A.B. asks: 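The structure is given below, and queries will be raised subsequently.
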Amino acid sequence: MRLLRRSELPVDTVALARYLIGKTLVRELPEGRVSGRIVETEAYLVGDAAAHAFRGLTPRNRSLFLERGHAYVYFIYGNWHSINVSGETRGVGAGVLLRALEPLEGIASMRLRRPGAEMADIARGPGRLATALRIDRRLDGMDLCAAGSLWLGSGVKRRGPIGVSVRIGLSREVNRELRFYERGSPYVSGPRWLSL
DNA sequence: AGTGCGATTGACT
DNA sequence: GTCAATCGCACTA
């Protein structure tokens, strides 16, 4: 597993959302490395009414406007964090929501933060993923293409077919098929019929 | 200054 | 399957 270079990331948010399936998200913690294989993503595009960047740059969403490959971490529902990877050039607000991981390294560490969770549930869902990797707003704006406490790594296994569906949990733009997932993976979130 | 709600989760029926 | 929890942020006035 090696650090992905920014030049390897597609210069298009939809292409990036597909590209990230099968790649890894790596978190370096004092107790050791925690990592997982990305199995589910959603793209949030320019002009997309469901996107946090839709109404322009604000203090909260500014990381979405960074050069592709930076982290946008936000706090939601008073309890959870979610992480996006910015997807366009500097000044353009778009990103890829990371929705689920297949745990690879540091599973014991993840379990400490996800007590009682079944293996498949440890990082299934954006809030759970962030909890498992101890991701919070302090990591907002971090360059994921640089060695540090959070970074994107190359793929570690052969990739299965990628499925496409509508995005989960939205009240706007509900028909756009911008969710991508690894078919057959037990680590993918959402209702089963969405992941066939 | 006040209001409404959200890219969710976990507990409970 | 249903639903409350919980609070930062954007928007209105």
Side-chain angles (χ1 to χ4, degrees), chain A residues 12-21 25 36 38-66 68-88 92-101 103 110-142 144 150 152 162-182 186-195:
Chain A
D12 171 88
T13 302
V14 174
L16 178 64
R18 282 181 172 276
Y19 175 82
L20 289 177
I21 300 292
L25 182 64
I38 299 166
V39 294
E40 181 182 359
T41 63
E42 286 179 354
Y44 288 85
L45 310 178
V46 173
D48 176 353
H52 285 186
F54 183 61
R55 292 170 188 281
L57 191 152
T58 69
R60 178 211 200 191
N61 69 20
R62 66 189 170 184
S63 298
L64 281 173
F65 293 80
L66 296 174
R68 70 190 192 281
H70 286 78
Y72 162 51
V73 179
Y74 65 93
F75 187 61
I76 192 71
Y77 292 116
N79 280 320
W80 292 281
H81 294 272
S82 291
I83 181 169
N84 286 240
V85 180
S86 62
E88 301 286 337
V92 179
V96 175
L97 172 66
L98 303 184
R99 289 195 55 97
L101 298 182
M110 294 192 216
R111 284 193 188 286
L112 292 176
R113 291 177 293 279
R114 299 275 306 120
E118 301 284 329
M119 184 64 175
D121 292 335
I122 287 180
R124 189 178 65 171
R128 293 164 170 177
L129 182 162
T131 298
L133 268 59
R134 198 191 288 170
I135 288 168
D136 61 42
R137 285 225 72 183
R138 287 174 296 189
L139 298 175
D140 185 49
M142 173 158 292
L144 300 175
L150 185 65
L152 285 170
I162 293 178
V164 183
S165 81
V166 296
R167 295 173 292 185
I168 292 176
L170 303 185
S171 55
R172 300 157 164 245
E173 306 269 14
V174 296
N175 294 318
R176 300 185 79 169
E177 300 208 313
L178 292 171
R179 171 173 172 265
F180 304 92
Y181 60 94
E182 182 173 72
Y187 303 99
V188 168
S189 78
R192 239 177 113 88
W193 61 269
L194 261 188
S195 305

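Source: prediction; values computed, not measured. Lettering of chains follows the sequences in order, A, B, ..., and the numbering in each one begins at 1.
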A.B. asks: Expected output is a numbered-order residue list: members of residues 41-58 of chain A with a heavy atom under 4.0 Å from any atom of DNA chain C. What is it?
C.D. replies: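 Of all residues in residues 41-58 of chain A, the ones placing a heavy atom under 4.0 Å from DNA chain C are A:R55, A:T58.
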A.B. asks: Round to a whole Å and report the spacing from CZ of A:R172 to P of B:dC5.
C.D. replies: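 My rounded result for the distance is 12 Å.
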A.B. asks: Send over the distance from A:E40 CD to B:dA7 C1', rounded to a whole Å.
C.D. replies: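 Atom CD in A:E40 sits about 11 Å away from atom C1' in B:dA7.
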A.B. asks: Which pair of non-hydrogen atoms, one from A:V73 and one from A:R137, has the smallest distance, and what is that distance?
C.D. replies: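 Shortest heavy-atom separation between A:V73 and A:R137 comes out as O-NE, 3.0 Å.
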A.B. asks: So how far is it from A:L133 CG to A:L98 CG, rounded to the nearest 0.5 Å?
C.D. replies: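 Separation between the atoms: 10.0 Å.
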A.B. asks: Quick one: pull up NE2 in A:H52 and CG in A:L57 and give me the separation to the nearest 0.5 Å.
C.D. replies: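 With rounding to 0.5 Å, NE2 (A:H52) is 14.0 Å from CG (A:L57).
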A.B. asks: Which parts of residues 112-130 of chain A get close to DNA chain C, meaning a heavy atom less than 4.0 angstrom away?
C.D. replies: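 Within residues 112-130 of chain A, no residue comes under 4.0 Å of DNA chain C.
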A.B. asks: Counting only heavy atoms not in A:R138, do more than 12 fall under 6.0 Å of its CZ?
C.D. replies: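 Atom CZ in A:R138 is not packed in, count stays at 12 or less.
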A.B. asks: May I ask you to evaluate whether A:R60 reaches the phosphate of B:dA7, defined as a side-chain N or O under 4.0 Å from OP1 or OP2?
C.D. replies: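 Answer no for this pair, as no side-chain N or O of A:R60 is under 4.0 Å from OP1 or OP2.
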A.B. asks: In whole angstrom, what separates A:Y74's OH from B:dC5's C1'?
C.D. replies: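 Taking OH of A:Y74 and C1' of B:dC5, I get 14 Å after rounding.
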A.B. asks: Quick one: closest heavy-atom pair of A:L194 and A:R179, and the distance?
C.D. replies: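 So the two residues come closest at O-NH1, 3.2 Å.
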A.B. asks: Between the side chain of A:R128 and the main-chain N/O of A:R124, is any donor-acceptor distance below 3.5 Å?
C.D. replies: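 Checked: pair present.
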A.B. asks: Now, which nucleotide makes the Watson-Crick or G-U wobble pair with C:dC11, with each of the two distances under 3.5 Å?
C.D. replies: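 C:dC11 is paired, partner B:dG2.
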A.B. asks: Where does the angle between the aromatic ring planes of A:H81 and A:F75 fall among parallel (under 30°), tilted (30 to 60°) and perpendicular (over 60°)?
C.D. replies: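 Tilted: the ring planes of A:H81 and A:F75 meet at 30° to 60°.
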A.B. asks: Any idea which of B:dG6, C:dA10, B:dT8 is nearest the A:R99 side chain?
C.D. replies: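 The listed nucleotide nearest to A:R99's side chain is B:dT8.
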A.B. asks: Which residues in residues 75-88 of chain A have at least one heavy atom lying under 4.0 Å from any atom of DNA chain B?
C.D. replies: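 Under 4.0 Å from DNA chain B: A:I76, A:Y77, A:W80, A:N84.
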A.B. asks: Out of the candidates A:V39, A:I21, A:L20, only one should pair with A:F180 under the side chain to side chain contact (heavy atoms under 4.5 Å, CB included) rule; please name it.
C.D. replies: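 With A:F180 as partner, side chain to side chain contact (heavy atoms under 4.5 Å, CB included) holds for just one option, A:I21.
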A.B. asks: On a whole-Å scale, what distance lies between the C1' atoms belonging to B:dC5 and C:dC3?
C.D. replies: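 After rounding to an integer number of Å, I get 16 Å for this pair.
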A.B. asks: Can you tell me how far apart CG (A:L97) and CG (A:L178) are? Round to the nearest 0.5 Å.
C.D. replies: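 If we round to the nearest 0.5 Å, A:L97:CG and A:L178:CG are 12.0 Å apart.
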A.B. asks: Check A:R60 against A:Y74 and note the closest heavy-atom contact, atom names and distance.
C.D. replies: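 Shortest heavy-atom contact: NH2-CD1, 3.8 Å.
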A.B. asks: For A:R167, answer base if it contacts any base atom (sugar-phosphate contacts may also be present), sugar-phosphate if it contacts only those atoms, and nothing otherwise; contact means non-hydrogen atoms under 4.0 Å.
C.D. replies: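 Result for A:R167 = nothing.
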A.B. asks: C:dT6 pairs with which nucleotide, Watson-Crick or G-U wobble, both distances below 3.5 Å?
C.D. replies: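 WC or wobble partner does not exist here.
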A.B. asks: Can you confirm whether A:E42 sits close enough to A:Y181 that some side-chain heavy atom of one is under 4.5 Å from a side-chain heavy atom of the other?
C.D. replies: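 No - every pair of side-chain heavy atoms lies 4.5 Å or more apart.
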A.B. asks: Return the value, rounded to whole Å, for the distance between atom CZ of A:R62 and atom P of C:dG8.
C.D. replies: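 Checked: the CZ to P distance equals 16 Å.
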